[in-house]
Amino acid sequence: MRRITVIALFAIAACKVGPDYEKPKAAEPASYKEIDGWKVVEPSDEAERGEWWAVFGDPQLDALMREVEVSNQTLKQAEGAYREARGALQSAKGGIFPTLSVNGSARRTSGAVGTNVGGATVNQGTGSGAGGARSIYNVSGTISWELDVWGRIRRTIESNEASAQASAADLASAKLSAQSQLAQSYFSLRVRDEQKRLFDAAFATYERAYTIAKNQYDAGIATKADVALAQTQLESAKSQGIDIAVQRARLEHAIAVLIGKPPSALSIPVADVPRALPEVPITLPSVLLERRPDVAAAERRMAAANAQIGVAIAAYFPTISLTGSGGYQSSVLGSLFDTASRFWSIGPALSETVLDFGRRSGQVEVARQQYEQAVAGYRQTALTAMQQVEDQLVGLRLYAEQSEVQQRAVEAARDAERIQTNRYKAGTVDYTAVITAQQTALTNEQNALTVLENRLTGTVALVQALGGGWTQKAIEKAADEDITVRKENSDKNESSGG
């Protein structure tokens, strides 16, 4: 027993072969190129940002977001991957402890009376005599323990733990992506509502213009061509209004799928598009690498790949295990647990591959190159994160300027439309001038709504590029809580038939 204790203590205190993980450096500028005009959040700011969409103050959007967390099927896939990674981690942790198995058997056999068990011959009794059929009863247990002298098991646990954390970050990334898609689709739908109102108003205006042109034609003031132009403009506005309705329906269908519903089960009532954009505080580049779940996932995969190098190197060293077995075996059931029927065996075992023709060295090289790929992937992910933030910063800054310019163009076009309409009524210009002015005004109002849509969806994209409401500190806790809450809500929906 003392020897076993010494071996166990040696195994616990043993080294771990392979390199210990150190996080490689990634691109990390002091500030963003397009940061002018934005509020920078201090790295110490730990204010809750989980429901980032709440800054838009839209109750309908809030309700839809809650359904995404419960019913989105892409999130369920990511959740399943996370659970799988957690299971692999649990399995790896079990390898550090001994394995105990028990078995029992009862069989009829023939042959010599003595039976070899654990390297010793156990007396089975006389049974039916030599060469005769007899019964053999067996109750035994076996314990096997691979001593993790070189750290192979611990490196495997280290790798699986990092992989589970990467999977948790993947889940957070999928959640953020689904939320961002929903918010962008929702705001695009609201812009279509505004466009529909715009074309409805334009249709009413064109209908009055058509009536004026027809009345003037009947009075001999206007030509048949004026009437035809007015009718063409009227029908064209109606056609464009129908196309907007198609676009809105498709956006509504996309939102339904994002919240895990069939398109026929969702109807979103018409509402106003938000005109005021919220202020988005900007984290520093160094903080971005901690707030982006995809960057964190890439970093965790580096750690997992690094640990696999140690697993591969450990194959160079012998495997040391301790095995023991014991139990009772007899040909007479009534005497199965007698002292004479007892047997046991215990002892260490060592195995070492002497020659493998480069197999282990090849596996080590594979592990090293997989780590190098993970490093490159992490750095590329960090660069892409920086690019996405810069893209949205410059886009929103220029869209804000464009919005001011476009609004002036809308006001000027409306004035021109009013002037030309009055001139036509007075008979000083032909109807072509009115058509041109009206079309210019409608086009500029459409452009203004397009700029507004770009600003709304760009704001959402900026929040997503900054990592949304996710923080690396809560990587495990957040994922577990999200899974638990989503499962409970999903179960409630299924039980209620929702």
Side-chain angles (χ1 to χ4, degrees), residues 48-56 58-87 164-190 192 247-269 271 291-297 388 456-457 459-472 474-498:
E48 178 62 38
R49 303 183 189 86
E51 296 185 349
W52 55 265
W53 58 87
V55 297
F56 292 98
D58 192 312
Q60 178 71 67
L61 179 60
D62 292 344
L64 292 170
M65 283 295 186
R66 285 192 291 271
E67 294 191 56
V68 165
E69 296 189 32
V70 174
S71 304
N72 184 274
Q73 298 304 307
T74 301
L75 287 188
K76 288 185 180 293
Q77 284 184 310
E79 177 185 320
Y82 173 70
R83 288 179 179 276
E84 178 184 351
R86 295 290 295 178
Q165 291 173 342
S167 187
D170 287 338
L171 176 58
S173 185
K175 179 179 176 181
L176 178 59
S177 177
Q179 291 169 342
S180 176
Q181 290 178 46
L182 173 61
Q184 290 180 324
S185 296
Y186 178 79
F187 289 131
S188 293
L189 181 141
R190 289 295 174 231
R192 298 304 177 273
Q247 294 177 34
R248 187 191 192 278
R250 288 176 176 172
L251 287 166
E252 191 176 66
H253 299 164
I255 291 172
V257 172
L258 283 169
I259 63 175
K261 291 185 177 181
S264 59
L266 178 67
S267 295
I268 301 176
R291 288 188 56 82
R292 288 268 300 220
D294 58 339
V295 175
Q388 290 174 349
L456 285 167
T457 57
T459 300
V460 174
L462 176 59
V463 173
Q464 181 184 12
L466 291 170
W470 185 85
T471 57
Q472 189 175 13
I475 186 169
E476 292 292 339
K477 181 181 177 183
D480 287 336
E481 289 179 352
D482 286 346
I483 290 173
T484 302
V485 172
R486 196 177 303 116
K487 187 177 187 303
E488 291 174 353
N489 292 335
S490 180
D491 291 343
K492 290 179 182 178
N493 287 347
E494 290 176 2
S495 62
S496 61

Mind checking the [atom1]-[atom2] spacing from [X] to [Y]? Nearest 0.5 Å is all I need.
X      : Y      : atom1 : atom2 : answer
Asp294 : Ser173 : CG    : OG    : 5.0 Å
Leu189 : Leu61  : CG    : CG    : 11.5 Å
Gln181 : Leu176 : CD    : CG    : 10.0 Å
Arg86  : Ser167 : CZ    : OG    : 10.0 Å
Lys76  : Glu79  : NZ    : CD    : 6.0 Å
Glu69  : Leu75  : CD    : CG    : 8.0 Å

Minimum heavy-atom separation for [X] and [Y], please, with both atom names.
X      : Y      : answer
Ala78  : Leu171 : CB-CD1, 3.7 Å
Val68  : Ile259 : CG2-CG2, 3.6 Å
Gly468 : Trp52  : CA-CD1, 4.1 Å
Met65  : Gln179 : CE-O, 3.0 Å
Arg292 : Gly467 : CD-N, 4.0 Å
Leu251 : Arg192 : CD1-CG, 3.8 Å

State, with a plain yes or no, whether a side-chain heavy atom of [X] is found less than 4.5 Å away from one of [Y].
X      : Y      : value
Glu51  : Trp53  : yes
Asn72  : Leu182 : no
Leu466 : Arg291 : no

Checklist entry - For Ile268 and Leu64, what are the C-alpha separation, side-chain angles and deciding distance, and is it a side chain to side chain contact (heavy atoms under 4.5 Å, CB included)? => result CA-CA 10 Å; Ile268 301 176; Leu64 292 170; 4.2 Å; yes

Checklist entry - Does a donor on one side chain sit under 3.5 Å from an acceptor on the other, for Ser188 and Gln184? => result no

Checklist entry - Quick one: do the Gln60 and Arg190 side chains pair a donor with an acceptor below 3.5 Å? => result no

Next on the checklist: Once side chain to side chain contact (heavy atoms under 4.5 Å, CB included) is applied, do any residues pair with Thr459, and if so which ones, sequence neighbours excluded?
Outcome noted: Phe56, Leu277, Pro278, Val280, Leu396

Checklist entry - Mind checking what makes ring-ring contact (aromatic ring centres under 6.0 Å, His included) contact with Tyr186, not counting sequence neighbours? => result none

